[in-house]
Amino acid sequence: MAQISLTFPDGNVRDFDSGVTPAEVAASISKSLSKKAISAQVNGQHWDLQWPIDESAEIAINTLQDDAPALELIRHDLAHVMARAVQEIWPDTKVTIGPVTENGWFYDFDRAEPFTPEDLGAIEAKMKEIINARDAVRTEIWDRARARAFYEERGEGYKVELVDRIPEGADIRMYWHGEWQDLCRGPHLQSTGQLPADAFKLMGVSGAYWFGDVNRPMLQRIQGVAFRNRDDLKKYLNFLEEAAKRDHRKLGREMDLFHLQPEAPGQIFWHPNGWTVYTSLQDYMRRMQRKDGYVEVNTPQVVNRKLWEESGHWENYRENMFIVEVDEEGAREKTINALKPMNCPCHVQIFNHGLKSYRDLPLRMAEFGSCNRYEPSGALHGIMRVRGFTQDDAHIFCTFDQIEEESKKFIDFLAKIYADLGFDSWRVKLSTRPEKRVGSEESWDSMEEALANACKAAGREFEIFPGEGAFYAPKLEFVLTDAIGRDWQCGTLQLDPNLPERLDANYVGQDGEKHRPIMLHRAVLGSFERFIGILIEEHSGKLPFWLAPRQVVVASITSEADDYVHEAVAALRAAGVRAEADVRNEKINYKVREHSLGKVPVILAVGHREVEERTVTVRRLGEKQTQVRSLDEIAAELGTEATPPDLRG
RNA sequence: GCUGCUGUAGCUCAGUGGUAGAGCACUCCCUUGGUAAGGGAGAGGUCGACAGUUCAAUCCUGUCCAGCAGCACCA
């Protein structure tokens with residue numbers, strides 16, 4: 001038997017027979033390690049305790065104390081345990097795949113009857129039974145024909161398909177615990193008894209397509225979350241509760257920002273409070289754009305089909321467009337129009353109106369463009385994914401040589417805005433040429449390089465996403481992370497030589513000849529609707545003062561202070577603060593509670609004392625402490641705070 | 001769009017084959033109270049829509065609409 005040497009994390013080297021398993025290695029070290037071991041790292045690769053090691057390697061034995069491997073194994077083994085539980089309860093159920101997810105796992109099943117929420121309890125109970133049975137996990141490598149025959153005999157058609165999908169040369173691993181069997185690449189725990197029976201929870205059942213294919217029948221997906229111990233699970237469930245509290249749909253109602261109703265699905269009824277946030281943000285964006293050399297335009301909502309055919313949207317995007325047919329009385333033919341889903345074709349019309357010279361470039365054309373897209377019903381989500389929305393859209397018409405500089409300028413612009421809006425953490429993705437594409441390799445080289453160079457010049461790191469670009473050009477996407485760790489793609493910078501070509505945009509160059517400009521589609525916020533949703537959730541409704549819809553409420557403690565309340569409100573408004581009076585016949589406790597829940601950042605309370613001294617008592621949201629200040633002083637101070645970031649001295 | 005679940009007062013939710021309830025919010029009255037709910041009274045519902053079964057439907061069945069979760073989609 002050949003010898004191999006294994007190097008341990010502490011630097012020790014020991015010799016073993018080739019083919020030794022990590023389980024045997026652990027046993028040779030100590031009995032307790034052998035019991036506690038869950039898996040190994042062999043040359044950095046996550047390794048099942050039962051897999052033989054044939055060559056000298058670095059090895060580390062993992063236990064439940066090792067965070068990453070432990071979580072992976074717990075979640076993965078629970079997926080198997082759940083599948084076994086389901087098949088034990090409903091033997092006619094077919095199993096498919098069950099991968100690990102960010103906080104747990106899911107497993108997709110094929111079964112005629114739907115799983116009900118009540119079934120989940122039964123499955124969970126059965127899973128605990130299986131864990132308590134402490135069955136050893138066993139693995140073997142089979143050849144393809146045997147594995148295939150095995151699953152065919154059992155009628156597990158999905159598994160047959162999986163066996164067929166395993167690439168040539170890769171091991172086909174079969175796993176067992178108890179009588180139950182699954183095809184799996186592993187690794188797994190030593191025994192189901194190593195699973196924490198109190199640190200997982202089934203979260204729900206939903207539909208999912210087999211390999212994401214809409215044409216295949218829908219499977220039933222049961223999802224679970226799992227952690228190393230009960231406390232971590234509790235922490236996670238608690239986190240979910242906290243996240244639910246900051247849901248923009250809930251806060252939108254509580255803060256009276258907007259509503260949606262069935263007559264206009266995916267379109268927003270903005271209430272005064274919400275519209276104040278919207279217009280404040282839009283005013284800010286408008287000022288920023290002007291300062292950065294954009295011109296602003298506005299273009300039609302309802303545009304004849306002809307333009308969409310020319311732009312290519314009719315061919316490629318039609319099922320997402322609202323079609324408007326005009327059937328005029330006595331007209332020879334009815335006209336077919338579409339609500340614009342994008343602004344770009346209209347902007348090219350403005351560009352094309354009149355001759356453009358190279359001296360006009362770069363031309364930065366901005367529009368707060370109202371767009372309508374017929375999004376699939378299942379995609380709608382509050383104000384984050386809607387059918388009617390407004391983009392902070394702009395198209396930069398420029399020459400190829402100007403791409404890099406314009407891109408750099410845009411990244412700087414976007415960085416300034418994200419910083420002003422309180423987002424410090426964001427990433428840049430560079431999506432490069434896809435398989436199916438148009439244009440020469442040289443042109444792709446230079447476009448990708450221009451975007452990469454622009455990032456470098458702006459001092460921004462970027463990740464490359466190969467093959468993710470549009471068929472005509474690469475793009476940058478700007479992803480920000482909110483307070484609960486979710487990613488949102490908001491900003492984008494898409495190069496586009498295609499649309500100017502289709503719509504025959506051109507400018508007269510220095511040489512007196514016609515040339516084709518390139519377009520840069522770009523947005524910072526993406527859409528106001530989605531961005532406001534993100535802002536609400538990021539701040540749990542406690543928006544930055546300059547964006548808060550009601551910045552100050554002046555509340556009377558006694559009705560004898562009512563006149564002074566109105567005087568204070570007038571003074572605040574004169575100072576540029578959005579202030580309201582609350583002179584209702586209610587106690588101050590009641591008013592404080594209500595406005596605190598309404599996320600009003602500042603409450604000024606006034607009673608006899610304040611009236612006499614011409615002061616107010618200031619209470620800021622989230623603070624218990626109050627402060628007595630003179631009315632003039634606080635009006636000036638809050639006036640400064642209410643100033644948008646770009647207008648501050 | 002697909003699978004599953006849900007739809008009762010402005011909000012959160014209970015409930016029943018014999019046309020409905022609570023808390024909060026709302027209106028009025030009392031109370032003028034010092035920093036997260038003072039007390040009392042009152043008003044408010046075509047039980048998502050439309051069909052069907054039934055003597056009788058908010059409840060059972062079907063279709064549609066909308067919402068929620070996930071999948072798919074996001075040129």
Side-chain angles (χ1 to χ4, degrees), chain A residues 101 106 108-111 113-120 203-223 244 247 249-250 253-254 256 259-266 311-321 341-342 344 373-382 384-387 434 436 469-472 475 477 489 492 494 496 498-499 521 526-527 530 555-562 583-598 603-610 617-628:
Chain A
T101 59
F106 65 77
D108 289 348
F109 299 97
D110 184 12
R111 173 171 172 250
E113 292 290 302
F115 294 111
T116 65
E118 294 73 53
D119 290 340
L120 296 185
M203 300 300 282
V205 53
S206 61
Y209 298 109
W210 173 239
F211 277 95
D213 186 346
V214 191
N215 300 311
R216 299 291 296 264
M218 189 159 259
L219 305 170
Q220 298 190 63
R221 173 168 297 178
I222 303 178
Q223 302 156 86
D247 189 309
R249 293 166 298 187
K250 182 175 154 70
R253 196 164 43 232
E254 288 171 359
D256 196 15
H259 83 267
L260 294 103
Q261 65 184 53
E263 287 79 1
S311 70
H313 287 87
W314 196 260
E315 192 185 348
N316 296 314
Y317 203 67
R318 190 175 163 187
E319 72 261 27
N320 282 297
M321 304 207 301
M342 295 170 201
C344 27
R373 296 182 187 171
Y374 189 77
E375 299 285 356
S377 57
L380 302 179
H381 179 83
M384 306 279 236
R385 185 86 184 264
V386 287
R387 289 181 176 158
K436 282 176 87 177
F471 71 91
Y472 47 81
K475 65 179 167 184
E477 289 186 331
Q489 192 238 297
T492 175
Q494 167 77 60
D496 186 2
N498 182 56
L499 198 62
H521 306 252
S527 93
R530 169 180 287 193
S556 56
I557 293 168
T558 154
S559 57
E560 285 167 41
D562 287 359
V583 293
R584 291 176 303 170
N585 176 16
E586 296 292 351
K587 294 197 173 183
I588 192 65
N589 292 312
Y590 183 93
K591 295 181 183 181
V592 165
R593 177 182 152 83
E594 190 174 273
H595 299 306
S596 298
L597 290 173
I603 299 169
L604 303 181
V606 299
H608 289 120
R609 220 161 48 222
E610 288 80 2
T617 300
V618 184
R619 180 181 165 128
R620 292 198 179 250
L621 185 58
E623 291 175 17
K624 275 225 146 61
Q625 286 282 330
T626 59
Q627 269 187 303
V628 179

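Per chain, numbering begins at 1; letters A, B, ... match sequence-line order.
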Point to revise | Nucleotide nearest Met218(A) (side chain, heavy atoms from C-beta), chosen from U35(B), G70(B), C65(B) | key: G70(B)

Study note, to complete from the structure: For Arg249(A) and Asp247(A) the tightest heavy-atom approach is NH2-OD2, 2.6 Å

Exercise for review: Describe the nucleic acid contact of Arg619(A) in one word from base, sugar-phosphate, nothing, applying a heavy-atom distance below 4.0 Å.
Suggested key: base

Check your understanding: Atom CD of Gln223(A) to atom C1' of C68(B): distance rounded to whole Å?
Key -> 13 Å

Check your understanding: Quantified in whole Å, what is the P atom distance between nucleotide G23(B) and nucleotide A43(B)?
Key -> 14 Å

Exercise for review: Looking at every strand, decide which applies to Leu597(A) at a 4.0 Å heavy-atom threshold: base, sugar-phosphate, or nothing.
Suggested key: base

Exercise for review: Can you tell me the distance, in whole Å, between the CG atom of Asn585(A) and the C1' atom of G39(B)?
Suggested key: 12 Å

Review point. On RNA chain B, nearest-nucleotide positions of Lys475(A) versus Gly378(A): which is more 5'?
Key: Gly378(A)

Exercise for review: Measure distances between side-chain N and O atoms of Tyr209(A) and base N and O atoms of G1(B), and say whether any donor-acceptor pair falls under 3.5 Å.
Suggested key: yes

Practice item. Measure from the side-chain heavy atoms of Arg593(A) and tell me the nearest of U32(B), A36(B), C71(B). Key: A36(B)

Check your understanding: Given atom CG of Leu260(A) and atom C1' of G7(B), what is their separation to the nearest angstrom?
Key -> 16 Å

Check your understanding: If the P atom of U63(B) is compared with that of C2(B), how far apart are they to the nearest Å?
Key -> 12 Å

Exercise for review: Starting at the 5' end of RNA chain B, write a dot or bracket for each base, bracketing those in Watson-Crick or G-U wobble pairs whose two distances are under 3.5 Å and using | for partners on another strand.
Suggested key: (((((((..((((....[..)))).(((((.......))))).....(((((..]....))))))))))))....

Practice item. Check whether any side-chain N or O of Arg216(A) sits under 4.0 Å from OP1 or OP2 of C2(B), and answer yes or no. Key: no

Exercise for review: Scan Gly607(A) against the nucleic acid and name what it touches under 4.0 Å (heavy atoms): base, sugar-phosphate only, or nothing.
Suggested key: base

Review point. Does any N or O donor sit under 3.5 Å from an N or O acceptor when you compare the side chain of Glu375(A) with the base of G1(B)?
Key: no

Review point. How close or far is atom P of C74(B) from atom CZ of Arg373(A), stated in whole angstroms?
Key: 11 Å

Check your understanding: Is the closest side-chain heavy-atom distance between Trp314(A) and Met321(A) below 4.5 Å?
Key -> yes

Check your understanding: Below 3.5 Å, does any donor atom in the side chain of Ser559(A) face an acceptor in the base of U32(B), or the other way round?
Key -> yes

**Study point:** Length of the CG-C1' vector between Asp119(A) and C5(B), whole Å
**Key:** 13 Å

Check your understanding: Would you say the side chain of Trp210(A) lies within less than 4.5 Å of the side chain of Asp108(A), judging by non-hydrogen atoms?
Key -> no

Review point. Think His381(A) has a side-chain N or O under 4.0 angstrom from the OP1 or OP2 of A69(B)?
Key: yes

Study note, to complete from the structure: Comparing nearest nucleotides in RNA chain B, the 5'-proximal residue of the pair Val214(A), Pro376(A) is Pro376(A)

Check your understanding: Would you call Arg584(A) and Glu594(A) a side-chain contact if the rule is heavy atoms closer than 4.5 Å?
Key -> yes

Check your understanding: Reckon Arg385(A) touches a base, only the sugar-phosphate, or nothing at all at heavy-atom distances under 4.0 Å?
Key -> base

Check your understanding: On a whole-Å scale, what distance lies between the C1' atoms belonging to A69(B) and C11(B)?
Key -> 22 Å

Check your understanding: With a non-hydrogen cut-off below 4.0 angstrom, is Lys591(A) in contact with a base, only sugar-phosphate, or nothing?
Key -> nothing

**Study point:** Under 3.5 Å: donor-acceptor pair, side chain of Glu315(A), backbone of Gly312(A)
**Key:** no

Review point. Would a 4.5 Å heavy-atom cut-off, applied to side chains only, mark Ser559(A) and Asn585(A) as touching?
Key: no

Exercise for review: Determine the contact category for Glu610(A): base if any of its heavy atoms lies under 4.0 Å from a base atom, sugar-phosphate if only primed atoms, P, OP1 or OP2 are that close, otherwise nothing.
Suggested key: base

Exercise for review: Could you measure between the two P atoms, the one in C24(B) and the one in G39(B), and give it in whole Å?
Suggested key: 9 Å

Point to revise | P-based separation of C59(B) from U3(B) [nearest Å] | key: 24 Å

Review point. Would you say U3(B) has OP1 or OP2 under 4.0 Å from some side-chain N or O of Ser206(A)?
Key: no

Check your understanding: What interatomic distance, in whole Å, is found between P of C71(B) and the corresponding atom of U58(B)?
Key -> 38 Å

Point to revise | Arg620(A) side-chain N/O to U35(B) phosphate OP1/OP2 under 4.0 Å | key: no

Point to revise | C1' gap between A41(B) and G34(B), integer Å | key: 28 Å

**Study point:** Lys591(A) (side chain) donor-acceptor with Ser556(A) (main chain) under 3.5 angstrom
**Key:** yes

Review point. For atom C1', what is the distance between A37(B) and U31(B), given to the nearest Å?
Key: 16 Å

Review point. Can you check whether Arg249(A) has a side-chain N or O nearer than 4.0 Å to OP1 or OP2 of A69(B)?
Key: yes

Point to revise | Nearest-neighbour nucleotide for the Pro265(A) side chain, A66(B), U35(B), G70(B) considered | key: A66(B)

Review point. Roughly, in whole Å, what's the span from CD in Glu586(A) to C1' in A25(B)?
Key: 11 Å

Practice item. Grab the CZ-C1' distance between Phe109(A) and G4(B) for me, whole Å please. Key: 15 Å

Check your understanding: Will you find, in the side chains of Thr116(A) and Asp119(A), an N or O donor that is under 3.5 Å from an N or O acceptor?
Key -> yes

Check your understanding: Phosphate oxygens OP1/OP2 of A25(B): is one of them under 4.0 Å from a side-chain N or O of Tyr590(A)?
Key -> yes

**Study point:** Between C1' of U3(B) and CZ of Arg221(A), the distance in whole Å
**Key:** 11 Å

Exercise for review: Answer yes or no: are there more than 12 heavy-atom neighbours, outside Gln625(A) itself, under 6.0 Å from its atom CD?
Suggested key: no

Review point. Heavy atoms under 4.0 Å, any strand shown: does Thr116(A) hit a base, just sugar-phosphate, or nothing?
Key: nothing

Practice item. Taking all heavy atoms of Val386(A) and all of Gly382(A), pick out the closest pair and write down the distance. Key: CG1-O, 3.3 Å

Exercise for review: Please evaluate the base of G34(B) for a donor-acceptor partner in the side chain of Thr617(A) within a cut-off of under 3.5 Å?
Suggested key: yes

Exercise for review: Return yes if some donor-acceptor pair links the side-chain N/O of Arg387(A) with the main-chain N/O of Glu375(A) below 3.5 Å, else return no.
Suggested key: yes

